[in-house]
Protein chains: 2
Amino acid sequence: MATGRRISIGLPTIRRLPMYVAILEQARQASQERISSPQIAELLGFEAIQVRKDLAAVGVSGQPRVGFPVVELLQAIERFLGWDNVSDAFVIGAGHLGVALAGYDGFAGHGLKILALFDRDPAKVGTPVHGKEIFDIERLGELAQRLGVRIAILTVPDEAAAEVAGLAVQAGIEAIWNFTGTKLTVPEGVIVERMDLAASLAVLSSRLAAERARGRGRA
Amino acid sequence: MATGRRISIGLPTIRRLPMYVAILEQARQASQERISSPQIAELLGFEAIQVRKDLAAVGVSGQPRVGFPVVELLQAIERFLGWDNVSDAFVIGAGHLGVALAGYDGFAGHGLKILALFDRDPAKVGTPVHGKEIFDIERLGELAQRLGVRIAILTVPDEAAAEVAGLAVQAGIEAIWNFTGTKLTVPEGVIVERMDLAASLAVLSSRLAAERARGRGRA
DNA sequence: TAGATTGTTAATCGATTAACAATC
DNA sequence: TAGATTGTTAATCGATTAACAATC
């Protein structure tokens with residue numbers, strides 16, 4: 001029942017919250033009113049105690065023997081994540097990845113709405129994709145101001161990332177979701193979150209390499 | 001100098017290794033022969049002690065007062081990650097994201113080569129993208145066998161993920177790079193690595209939400 | 001030599017897991 | 001009531017950071 005927004009909540013917990021959201025949405029769809037930590041743990045493949053710890057962090061209490069209220073819990077997590085109201089965003093870099101993200105409809109449920117794309121290439125400018133306009137990057141500041149956009153999704157080539165991030169900051173962007181492989185340096189107060197393809201691939205391929213090293217033979 | 005492949009190396013370390021690779025490649029390009037942990041730390045924005053710990057984990061020694069040998073270190077990390085020889089992969093799901101990944105040329109340097117795509121939609125089958133054929137998913141087993149492909153990059157809609165992952169496992173796929181929002185259950189021995197868009201977005205948007213909650217006013 | 005850097009050993013920190021009393 | 005589940009407090013585990021002797 002408590003709503004206290006805790007000062008600090010661990011990053012691992014925050015990264016797990018979307019999984020709870022997915023589970024809880026399923027439960028709501030099935031008109032399930034309450035769900036217990038062992039149930040959630042079973043569905044996600046981890047331990048009940050971890051579920052309870054995570055849920056405690058967002059400040060919703062359960063009821064012994066019954067579990068947690070599905071709708072209330074869902075709302076609390078979405079509120080915590082800021083997924084309860086929509087934030088507008090621009091995609092900068094209308095390459096394959098940028099276009100793919102602009103067309104992804106899963107963001108709608110996560111409080112993210114992509115309004116438009118930006119690119120430097122005149123051949124792309126003016127040709128809408130997924131019903132969204134592609135503007136010249138020159139117009140980033142003007143349009144960010146006019147539309148009050150504070151989030152940029154950065155999908156330019158690695159070499160251009162630092163420069164374009166600078167433009168974004170100048171344009172008043174407050175948060176950059178960085179899909180490039182480049183580490184960005186930004187003024188204090190600007191949020192950068194890296195979507196790290198290479199890190200994920202490293203985990204996959206190192207495991208594969210380890211397995212290969214272990215299991216010789218077996219033609 | 002030592003090459004000992006340590007039994008267990010922490011996941012956080014593995015996820016940082018690609019950053020070292022990027023830095024080291026730059027250094028090599030600049031014909032720099034040695035690089036010190038403070039130098040690397042400066043470039044990546046973390047502490048020298050962490051760099052030394054990470055590098056120790058892959059088993060290359062530095063020289064006091066001089067630093068680490070750039071080329072040797074680079075090779076050691078790439079060998080550890082399995083990025084030193086190419087693994088073939090299929091993209092399953094020729095939607096926007098799948099096509100974007102198939103066209104991404106950054107994988108070449110990371111030991112990953114996408115040979116072809118698969119989709120269920122007859123309209124997509126037979127129309128190559130980025131010079132790569134799109135096959136009917138029915139042919140996954142046959143082609144995986146014939147070409148010896150062991151990695152699948154899963155970019156189908158969430159609802160189809162579980163079923164298609166099952167097909168992939170049946171086809172002899174050993175490692176799945178999962179770009180869907182669905183948690184996959186696979187037989188023991190099959191590697192699944194999740195590329196978690198939602199987790200990353202959660203970190204970004206929760207920080208934004210926290211900032212918004214803190215800094216009222218300031219029109 | 002003097003001094004910067006490595007690598008080891010210890011201390012700190014945070015996250016996960018365990019144990020269990022409180023609750024309905 | 002009996003028993004399942006919560007939430008708290010403690011224990012464990014692993015990762016990061018600090019301190020410092022060894023090295024060239």
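Predicted, not measured: the structure shown is a model, and the values here were computed from it. Here is how names work: the chains are called A, B, and so on, in the same order as the sequence lines, proteins then strands, and each is numbered from 1.
Classification of the Phe46(A)-Tyr20(A) ring pair by plane angle, with boundaries at 30° and 60°, yields perpendicular.
The phosphate of dA4(D) (OP1 or OP2) has no side-chain N or O of Arg34(A) nearer than 4.0 angstrom. Considering only side-chain N and O atoms, Arg52(B) lies nowhere under 4.0 angstrom from the phosphate OP1 or OP2 of dC20(D). The side chain of Ser36(B) contributes no N or O atom lying less than 4.0 Å from OP1 or OP2 of dA4(C). Between Thr13(A) and the phosphate of dA15(C), there is no side-chain N or O to OP1/OP2 separation shorter than 4.0 Å.
Heavy-atom contacts from other residues, nucleotides or ligands closer than 6.0 Å to CD of Gln32(B) number more than 12. Counting heavy-atom neighbours within 6.0 Å of Glu33(B) CD, excluding the residue itself, gives a total of 12 or less.
Separating the CZ atom of Phe46(A) from the P atom of dT16(C) is a distance of 10 Å, rounded to the nearest angstrom. The distance between atom CD of Gln50(B) and atom C1' of dT6(C), rounded to the nearest whole Å, is 16 Å. Summarising the geometry, the separation between CG on Leu44(B) and P on dT16(D) is reported as 14 Å, rounded to the nearest angstrom. The distance from atom CD1 of Ile35(B) to atom P of dA4(C) is 19 Å, rounded to the nearest whole Å. In this structure, CZ of Phe68(B) is placed 7 Å from C1' of dT6(C), rounded to the nearest angstrom. At whole-Å resolution of the value, CD1 in Ile49(B) and P in dT16(D) are 11 Å apart. Distance, Ile9(B) CD1 to dT16(D) P: 11 Å, rounded to whole Å. Atom P of nucleotide dC24(C) and atom CZ of Arg65(A) are separated by 13 Å, given to the nearest angstrom.
When heavy atoms are screened at a 4.0 angstrom cut-off, Ser37(A) is found touching the sugar-phosphate backbone but no base atom. Here Glu47(B) lies out of heavy-atom contact (under 4.0 Å) with every strand.
Within the model, atoms CZ of Phe68(A) and CG of Leu55(A) stand 5.0 Å from one another, a figure rounded to the nearest 0.5 Å.
For dT16(D), the base has no donor-acceptor partner in the side chain of Lys53(B) [N/O atoms by modelled type, under 3.5 angstrom].
As the counterpart of dA11(D), dT16(C) is assigned, both hydrogen-bonding distances of the Watson-Crick or G-U wobble pattern falling under 3.5 Å.
A donor-acceptor contact shorter than 3.5 Å is absent between the side chain of Arg52(A) and the backbone of Pro38(A).
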